[in-house]
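Here is the structure we will look at.
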Amino acid sequence: MNFKAAIIGAGPAGLTAAYELSKQRAPVVVLESDPEYVGGISRTVNYKGFRFDIGGHRFFSKSREVEDVWTEIAGDDMLDRPRASRIYYRGQFFTYPLKPFEALSKLGLIESTLCMLSFAGARLHPTRDPKTFEEWVTDRFGKRLFRIFFKTYTEKVWGMSCNEISADWAAQRIKGLSLGSAIKHALFVRKPKDRKQIVKTLIDTFRYPRLGPGMMWEACTEKVRKLGGEVLLGRRVVGCRFDSASDLWIVTSRGANGDLQEHRAEHVISSMPIRELVAQIEPRLPEAALQAARSLRYRDFLTVGLIVHDRGRFSDNWIYIHDPSVQVGRVQNYKSWSPEMVPDLGYCSYGLEYFCFEGDGLWTSSDSALIELAKQEIQKVNLASSADVVDGCVIRQPKAYPVYDDAYQQHVDTVRRALEENCPTLHLVGRNGMHKYNNQDHAMMTAMLTAKNILAGARKYDVWAVNQDAEYHEAGAAGAKAAEAETPVPVRKLATPA
Ligand SMILES: Cc1cc2nc3c(=O)[nH]c(=O)nc-3n(C[C@H](O)[C@H](O)[C@H](O)COP(=O)(O)OP(=O)(O)OC[C@H]3O[C@@H](n4cnc5c(N)ncnc54)[C@H](O)[C@@H]3O)c2cc1C
């Protein structure tokens with residue numbers, strides 16, 4: 001059978017594309033390498049009835065269209081959840097978003113005065129052209145607050161110094177947030193009327209499927225199948241060849257026991273990492289594109305899930321660990337995301353998040369060593385006694401974060417141009433699919449527009465013009481102007497750290 005589209009990856013992007021195309025009766029096949037789960041980074045792992053998210057997944061979008069798709073798929077299974085999160089720093093817990101008076105009292109008179117002076121200094125001498133993450137944040141918050149509330153966590157996440165991280169990343173991730181907005185938010189808690197005005201970092205309620213984000217994508221898979229689409233698990237795509245005689249793509253997938261299958265389709269929609277896809281495309285792309293794709297880098301991530309007797313120690317959804325004496329970067333408390341994430345309310349399930357590179361010491365540690373490390377660290381940060389831990393598991397997530405280094409944008413542009421010139425029926429969507437460090441809503445919007453393009457038989461929408469809030473900017477002068485307004489700092493590339 002010839003499909004309208006062969007879709008690589010059953011994460012939010014791939015499944016959204018499949019859903020949108022299936023609704024219009026276009027035959028699709030989704031090929032997913034994971035043998036068990038759909039959802040990609042937004043899956044929910046089930047360990048003995050305890051459900052673990054790959055990082056807590058808030059469902060919030062400024063795009064009404066995306067929110068409507070979530071409602072359409074998961075309906076009554078979507079909960080409205082309050083957000084509670086804190087920062088752990090030097091033995092103290094600070095409410096996050098910061099409450100100025102609480103933060104001042106916990107930091108002590110001397111430290112708070114120094115923080116205010118350094119903030120005032122930053123306001124008096126603003127950095128006109130912040131190039132690094134450190135410069136960008138220092139400019140907005142002052143040096144001391146940067147050190148306390150941003151430096152350690154950010155360096156844990158990226159495994160590099162804040163001086164080596166591009167200001168783009170700060171602009172994208174903490175866009176709209178400043179000390180002023182944090183204080184305003186703390187003093188005048190009032191819901192903005194328009195969701196577009198909401199600073200994403202500060203939202204205090206969000207939606208969440210009652211059994212975790214995987215529930216959304218399992219429901220989506222079911223809908224796609226009911227509409228006639230195929231979703232095949234345990235099939236890793238290992239080849240993408242365009243056959244000019246038939247004008248079709250021949251996508252080859254490999255199963256767990258090494259068997260190969262070919263899937264023929266008019267279009268390919270790929271949410272797999274660019275680095276891996278480009279190496280598979282035949283006829284081969286120009287050398288410059290192959291080289292550019294090989295140069296893209298990723299940061300990896302693992303969660304140690306601990307099952308713990310519930311002693312009522314904390315009820316936050318998550319706690320950032322800004323303490324350099326432990327390796328854990330963040331602790332999730334899944335029962336606070338949804339009580340149904342645990343099978344027995346006498347227990348909690350915590351996710352201790354470690355940021356690493358595939359192949360480094362953390363990544364290659366045995367599961368038992370990682371569980372032992374997590375038990376020690378959860379006790380050290382005063383969130384549980386290690387004696388209360390009854391079981392544990394380890395969930396590894398390769399390529400959790402596309403890295404924004406000095407040259408990533410140039411590499412992505414090179415690949416994008418080569419694909420547009422040579423493979424007009426191959427479409428990139430989603431997070432690693434486009435090398436964009438974005439949330440589900442962005443991944444979904446790129447997939448929704450791609451489905452529209454395919455159905456229209458023309459690239460009516462430029463998916464690269466979807467911003468991190470899943471808003472689409474029209475091409476042309478007006479779109480360019482709007483897109484420009486999205487970037488509050490100049491884009492400058494830094495030397496790649498070794
Ligand atoms: C720690 C963390 C916290 C996050 N928190 C949030 C949040 O609160 N809210 C939010 O909206 N988003 C959040 N995100 C982002 C969200 O997880 C992603 O934006 C989203 O999952 C991207 O969807 P995707 O389909 O593009 O990619 P993915 O989720 O990566 O899915 C890609 C799929 O392709 C499959 N695949 C890869 N290669 C192949 C191959 N060769 N053959 C077949 N299949 C292949 C993978 O197995 C995977 O299933 C978070 C991410 C992380 C890492």
Side-chain angles (χ1 to χ4, degrees), residues 6-18 29-44 52-63 66-67 70 81 83 85 157 173 200-201 203 206-209 212-214 216-217 220-221 231-240 251-255 263 268-277 279-280 298-303 317-318 329-330 332 337 351 353-355 395-402 428-447 450 463 468-470:
I7 300 171
I8 308 174
L15 285 172
T16 302
V29 59
V30 181
L31 303 162
E32 168 56 52
S33 55
D34 196 294
E36 192 178 357
Y37 293 107
V38 294
I41 305 173
S42 308
R43 70 190 179 282
T44 300
F52 295 91
D53 202 326
I54 314 304
H57 273 66
R58 288 186 283 170
F59 283 67
F60 173 84
S61 181
K62 292 191 178 185
S63 157
V66 168
E67 290 276 359
W70 285 332
R81 300 300 295 164
R83 165 209 174 124
S85 57
V157 173
R173 298 308 289 184
K200 254 189 183 177
T201 322
I203 55 167
F206 53 84
R207 295 204 292 165
Y208 190 73
M216 170 72 67
W217 302 113
C220 185
T221 301
V231 182
L232 307 180
L233 299 190
R235 301 227 60 91
R236 173 173 292 280
V237 170
V238 292
C240 268
V251 178
T252 307
S253 72
R254 190 169 53 215
H263 316 267
V268 169
I269 301 177
S270 170
S271 68
M272 70 187 277
I274 291 182
R275 192 166 79 187
E276 292 166 15
L277 172 79
Q280 294 185 9
Y298 305 87
R299 181 78 166 148
D300 310 293
F301 175 89
L302 64 85
T303 300
N317 304 91
W318 70 89
R330 195 166 55 174
Q332 298 286 344
W337 287 80
E353 301 179 347
Y354 293 89
F355 306 93
I395 303 153
R396 289 179 174 76
Q397 178 58 54
K399 300 189 176 56
Y401 300 92
L428 302 186
V429 292
R431 183 166 165 116
N432 288 330
M434 298 173 75
H435 206 83
K436 288 235 175 196
Y437 175 24
N438 281 337
N439 280 339
Q440 291 174 100
D441 58 341
H442 176 271
M444 291 169 66
M445 183 53 84
T446 59
T450 295
V463 296
Q468 67 267 25
D469 288 327

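In listed order, ligands and their atoms are each counted from 1.
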Report task. Give the atoms of ligand 1, by number and element, whose distance to some non-hydrogen atom of Arg330 is under 4.0 Å. Result -> 1 (C)
Report task. Check whether any N or O atom of Ser33, backbone or side chain, sits under 3.5 Å from an N or O atom of ligand 1, and answer yes or no. Result -> yes
Query raised in the report: What atoms in ligand 1 come closer than 4.0 Å to a heavy atom of Gly40?
Result: 29 (O), 31 (O), 48 (C), 49 (O)
Report task. For Arg58, take its heavy atoms, then give the atoms of ligand 1 lying under 4.0 Å from any of them. Result -> 7 (C), 8 (O), 9 (N), 10 (C), 11 (O)
Requested in this report: May I ask you to list the atoms of ligand 1 that are less than 4.0 angstrom from any heavy atom of Gly430?
Outcome: 26 (O)
Requested in this report: Identify, for atom 23 (O) of ligand 1, the protein heavy atom at the shortest distance, and state residue, atom and that distance.
Outcome: Pro12 CD, 3.2 Å
Query raised in the report: Does any N or O atom in Ile41 lie less than 3.5 angstrom from one in ligand 1, N or O only?
Result: yes
Query - Six-ring centre of Tyr354, Arg396 cation under 6.0 angstrom, axis tolerance 45° - result: no
Query - CZ/Arg254: more than 12 non-hydrogen atoms of other groups inside 6.0 Å - result: no
Query raised in the report: Any side-chain heavy-atom pair from Val463 and Leu428 closer than 4.5 angstrom?
Result: no
Query - Glu276 CD to Lys399 NZ distance, which is reported to the nearest 0.5 Å - result: 4.5 Å
Report task. Could you tell me if any non-hydrogen atom of Lys399 lies under 4.0 Å from any atom of ligand 1? Result -> no
**Report entry** Heavy-atom proximity to atom 19 (O) of ligand 1, best of Leu233, Asn438, Val238
**Finding:** Asn438
Query raised in the report: Taking the six-membered ring for Trp, are Trp337 and Phe52 ring centroids under 6.0 Å apart?
Result: no
Report summary line: Here the atoms of ligand 1 under 4.0 Å from any heavy atom belonging to Phe301 are 1 (C)
Query raised in the report: Non-hydrogen atoms of Gly433 versus ligand 1: any pair closer than 4.0 Å?
Result: no
Query - Phe301 and Pro398, any side-chain heavy atoms less than 4.5 Å apart - result: no
Requested in this report: Of the side chain and backbone of Arg235, name the one, both, or neither that has a heavy atom under 4.0 Å from an atom of ligand 1.
Outcome: backbone
Report summary line: ligand 1 atoms nearer than 4.0 angstrom to some heavy atom of Ile54 are 1 (C), 2 (C), 3 (C)
Query raised in the report: Measuring from the heavy atoms of Ala447, does anything fall under 4.0 Å of ligand 1?
Result: no
Requested in this report: Would you check whether Phe59 reaches within less than 4.0 Å of ligand 1, judged by its heavy atoms?
Outcome: no
Query raised in the report: For ligand 1, which atoms sit closer than 4.0 Å to a heavy atom of Met272?
Result: 37 (C), 38 (N), 39 (C), 41 (N)
Query raised in the report: Regarding Asp53 and Tyr208, is there a side-chain donor-to-acceptor distance under 3.5 Å anywhere?
Result: yes
Query raised in the report: Can an N or O of Glu353 be found at a distance shorter than 3.5 Å from an N or O of ligand 1?
Result: no
Requested in this report: Record the part of Ala443 in heavy-atom contact with ligand 1 below 4.0 Å; permitted values are side chain, backbone, both and neither.
Outcome: side chain
Query raised in the report: Considering only heavy atoms of Val237, which atoms of ligand 1 have at least one such atom less than 4.0 Å away?
Result: 40 (C), 41 (N), 42 (N), 43 (C)
Requested in this report: Please indicate whether any nitrogen or oxygen in Asn439 is less than 3.5 Å from any nitrogen or oxygen in ligand 1.
Outcome: yes
Query raised in the report: Looking only at distance, does Ala13 have an N or O less than 3.5 Å from an N or O of ligand 1?
Result: yes
